[in-house]
Amino acid sequence: MNKNLRKPVIAGNWKMNMTPAKTAAFIEELKVKVAGKNECDIVLCVPYVDIQTAVASAKGTNVKIGAQNVHFKESGAYTGEISAEMLLEIGAEYVVIGHSERRQYFGETDETVNLRTLAALNAGLKVILCVGEMLDERELGITEEIVSMQTKIALKDVSAEMLKNVIIAYEPVWAIGTGKTATAEQAEEVCAIIRNVIAKLYTKADADATVIQYGGSMNAKNASELLSKENVDGGLIGGASLKTEDFTIIVDAAQ
Ligand code: 13P
């Protein structure tokens, strides 16, 4: 099965939650629970101000740390922004790009998602690239078109070599923070569509090697069914990543 070609990635997206002190306490607890669980990669994408604490707490463990956004310029007059070089220097390995909350509330576009992706990859970060349709788009029957377009634009000028450091997260917007999870079949269908887009842009071997996560109300109860699907290689988890018990159950489901 092609699924065996890929190591699942279970990533928490903390969003705007947790202070540095809470981060340290969380990772102290989590690292014991997930010790030795190496069948999947475990990542926590934390607020910028928590990164250094998270990196220090996770040192020597199997928990990796990421950010939730990055600016696309190397440096300059961009008040309030953070560059890829800054993230790398403080020990971040991953960065979430194009999350629907950034698209909805902060004016993120497919073009800026592409620029951020290129900046992050060129600097040496691994990218968790989010795509997903809104409810009205699903109801209009254009999920495939939307997700394909988002994927194609985000990967413009990304070489096959760079693609090795890209994880795609399929996050249907209607399932985020709503408790309304896509069914395992819906998740599988769209993750397979994304894999097909990658096969066309690159090669089938590249597509088979690309990790494609599902995100949107993934939790301790539904994770194993979602993760059992052929094209679902992990999860990007919001709410349930804020509790070590729940997050550990999801990690276990990916083992
Ligand atoms: P929830 O798991 O809280 O629905 O959030 C999903 C998400 O947006 C992860 O990036």
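Indexing begins at 1, ligand by ligand and atom by atom, following the structure's order.
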Notebook entry, point to check: Can you tell which part of A240 has a heavy atom less than 4.0 Å from ligand 1: side chain, backbone, both or neither?
Noted result: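 A240 to ligand 1: no contact under 4.0 Å from either part.
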
Next item on the list: Between N13 and ligand 1, find which residue part has any heavy-atom pair under 4.0 Å and reply side chain, backbone, both or neither.
Entry: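 The part of N13 near ligand 1 is the side chain, not the backbone.
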
Notebook entry, point to check: Between E189, E188, E185, which is the residue that forms a salt bridge (charged side-chain N to carboxylate O under 4.0 Å, His left out) with K229?
Noted result: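 Among E189, E188, E185, the one that satisfies the salt bridge (charged side-chain N to carboxylate O under 4.0 Å, His left out) with K229 is E185.
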
Quick check: [X] and ligand 1, any N/O pair under 3.5 Å apart?
X	value
H99	yes
G177	yes
G239	yes
S217	yes

Item checked: Exceeds 12 heavy-atom contacts within 6.0 angstrom, atom NZ of K59 ->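 No.
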
Check: Is the count of non-hydrogen atoms from other residues, nucleotides or ligands lying under 6.0 Å from E74 atom CD greater than 12?
Finding: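 It does not: E74 CD has 12 such atoms or fewer within range.
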
May I ask you to identify the nearest protein heavy atom to [atom], giving residue, atom name and distance to one decimal place in Å?
atom	value
atom 5 (O) of ligand 1	K15 NZ, 3.2 Å
atom 7 (C) of ligand 1	E171 OE2, 3.2 Å
atom 2 (O) of ligand 1	G238 N, 2.9 Å

Check: Heavy-atom contact under 4.0 Å between S241 and ligand 1?
Finding: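 No heavy atom of S241 comes that close to ligand 1.
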
Checklist line | Salt bridge flag under 4.0 Å for residues K7 and E39 | finding: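 Salt bridge absent between K7 and E39.
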
Note to self: Assess whether a salt bridge exists between R195 and D208, defined as any Lys/Arg side-chain N lying under 4.0 Å from an Asp/Glu carboxylate O.
What the structure shows: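 Salt bridge: no.
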
Next item on the list: Applying salt bridge (charged side-chain N to carboxylate O under 4.0 Å, His left out), run through K64 and E93 and close with a yes or a no.
Entry: CA-CA 7 Å; K64 294 167 181 159; E93 283 183 65; 5.1 Å; no

Next item on the list: Could you check if a side-chain atom of L44 sits within less than 4.5 angstrom of a side-chain atom of F247, using non-hydrogen atoms only?
Entry: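 L44 vs F247: side chains touch.
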
Check: Below 4.5 Å, heavy atoms only, C-beta onward: do H99 and K15 meet side chain to side chain?
Finding: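 Yes. Closest side-chain heavy atoms under 4.5 Å.
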
Can you list the ligand 1 atoms lying under 4.0 Å from a non-hydrogen atom of [X]?
X	result
L236	9 (C), 10 (O)
A175	4 (O)
G216	4 (O), 6 (C)

Checklist line | Candidates E139, E133, E137 - the one meeting side chain to side chain donor-acceptor pair (under 3.5 Å) with W174 | finding: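 Among E139, E133, E137, the one meeting side chain to side chain donor-acceptor pair (under 3.5 Å) with W174 is E133.
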
